[in-house]
Amino acid sequence: AINIGFSCKLLDKTQKIFTIDVRNTEDLLQELADVKKIVESEGYGPNGKPYAMVITGQSLLHCTTTEHEDKLYDVFKNAEVVIGCRVSPKQKKDVVELVKGRVKNTVTLAIGDGANDVNMITA
């Protein structure tokens with residue numbers, strides 16, 4: 001997923017890439033807190049240094065409550081790019097809806113490779 005991000009120029013070498021790949025809710029919440037702390041303390045974001053987020057489908061499985069979604073969104077909201085790797089069509093749809101539900105008049109790019117991605121694309 002990261003290589004494809006570079007190939008299609010969604011990612012570039014100026015961005016700090018944060019990757020979240022965890023196996024349980026406790027680790028997910030800790031990783032999100034760690035990334036948020038770095039983003040805020042080191043000046044990443046729209047008026048600072050560019051950053052990108054990569055999150056695995058396994059990690060998204062542990063984002064099960066509104067509180068977890070809030071923490072996820074807090075980290076995603078100022079990233080130039082968010083890439084999901086090894087995510088299910090439903091997870092793709094959920095991430096698109098998370099962003100579109102919180103940012104009015106936003107445009108999202110969701111890429112799928114088959115009919116199983118129709119829900120994500122139409123979200």
Side-chain angles (χ1 to χ4, degrees):
I2 292 173
N3 289 335
I4 291 169
F6 278 109
S7 294
C8 64
K9 302 199 184 317
L10 289 172
L11 296 175
D12 64 50
K13 293 182 181 191
T14 66
Q15 297 163 319
K16 167 77 174 167
I17 300 172
F18 295 99
T19 302
I20 298 178
D21 183 12
V22 297
R23 300 287 182 254
N24 60 60
T25 303
E26 182 179 322
D27 289 345
L28 172 66
L29 297 176
Q30 185 61 55
E31 284 285 317
L32 291 172
D34 291 348
V35 170
K36 184 177 180 183
K37 183 177 178 182
I38 293 168
V39 165
E40 291 174 349
S41 67
E42 296 184 17
Y44 288 97
N47 297 320
K49 299 183 273 186
Y51 75 100
M53 294 295 311
V54 177
I55 189 163
T56 64
Q58 179 68 33
S59 299
L60 287 171
L61 287 175
H62 304 290
C63 186
T64 57
T65 67
T66 302
E67 179 186 349
H68 298 160
E69 287 179 356
D70 290 344
K71 292 176 189 276
L72 185 67
Y73 180 74
D74 281 345
V75 173
F76 281 6
K77 69 183 176 188
N78 291 317
E80 289 186 328
V81 177
V82 176
I83 294 177
C85 62
R86 298 182 306 277
V87 297
S88 72
K90 182 185 181 316
Q91 289 173 316
K92 292 176 195 178
K93 174 183 168 279
D94 291 346
V95 170
V96 169
E97 287 178 343
L98 175 68
V99 173
K100 290 182 102 173
R102 294 168 189 246
V103 183
K104 301 301 177 213
N105 300 318
T106 191
V107 175
T108 59
L109 170 66
I111 300 171
D113 61 0
N116 63 342
D117 290 313
V118 169
N119 289 334
M120 174 262 312
I121 294 167
T122 59

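In summary, the side chains of D12 and T14 do present a donor paired with an acceptor at a separation below 3.5 Å, with no hydrogens or angles considered.
Of the inter-residue distances, the one linking L10 atom CG with I4 atom CD1 reads 10.5 Å to the nearest 0.5 angstrom. Taking CG of L28 as the reference point, atom CD of Q30 lies at 10.5 Å (rounded to 0.5 Å).
V96 and V103 are assigned to two separate hydrophobic clusters, defined by single-linkage of ILVMFWY side chains at heavy-atom distances under 4.5 Å. Cluster membership for I2 and V81, using ILVMFWY side-chain heavy atoms within less than 4.5 angstrom, is shared. V22 and I38 end up in the same hydrophobic cluster when Ile, Leu, Val, Met, Phe, Trp and Tyr side chains are linked at under 4.5 Å.
Looking at S59, its side chain does come within 3.5 Å of a backbone N or O of I20 through a donor-acceptor pair. Using a distance-only test at 3.5 Å, with no hydrogens or angles considered, no donor-acceptor pair links the side chain of E40 to the main chain of K37. Looking only at distances, no side-chain donor or acceptor of E80 sits under 3.5 Å from a matching main-chain atom of A52.
Side chains of L60 and D94 form no contact here, defined as non-hydrogen atoms less than 4.5 Å apart. A 4.5 Å side-chain heavy-atom check between V99 and K77 finds every atom pair outside the cut-off. Side-chain contact between K100 and T108 is present, with at least one heavy-atom pair separated by less than 4.5 Å. In this structure the side chain of F76 never reaches within 4.5 angstrom of the side chain of L32, judged on heavy atoms. With a 4.5 Å cut-off on side-chain heavy atoms, L29 and K71 count as touching. Residues P50 and K16 fail the side-chain proximity criterion, which asks for heavy atoms closer than 4.5 Å. Between E42 and K49, the closest side-chain pair of non-hydrogen atoms falls below 4.5 Å. You'll find the side chain of L72 reaches within 4.5 Å of the side chain of L98, heavy atoms only.
With sequence neighbours excluded, no residue forms a side-chain hydrogen bond (donor to acceptor under 3.5 Å, both in side chains) with R86. Considering only residues two or more places apart in sequence or on other chains, S7 meets the side-chain hydrogen bond (donor to acceptor under 3.5 Å, both in side chains) condition with none of them.
Listed by first and then second residue, the ring pair (Phe, Tyr, Trp, His ring centres under 6.0 Å) pairs that reach into residues 36-68 are F18-Y44, F18-Y51, sequence neighbours excluded.
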Practice problem: Please step through side chain to side chain contact (heavy atoms under 4.5 Å, CB included) for the pair L11 and I83, ending with a clear verdict. | Solution: CA-CA 10 Å; L11 296 175; I83 294 177; 3.7 Å; yes
Practice problem: Just do the side chain to side chain contact (heavy atoms under 4.5 Å, CB included) check on N78 and V39 with the steps written out, would you? | Solution: CA-CA 9 Å; N78 291 317; V39 165; 5.5 Å; no
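Using a 4.0 Å cut-off between charged nitrogen and carboxylate oxygen, R102 and D74 do not count as a salt-bridge pair. With respect to the salt-bridge test (charged N to carboxylate O, under 4.0 angstrom), the residues R23 and D27 do not qualify.
The minimum heavy-atom distance linking E31 with T19 is given by the pair OE1-O, 4.0 Å. Taking every heavy atom of both residues into account, I55 and V87 meet most closely at O-CG1, 4.3 Å.
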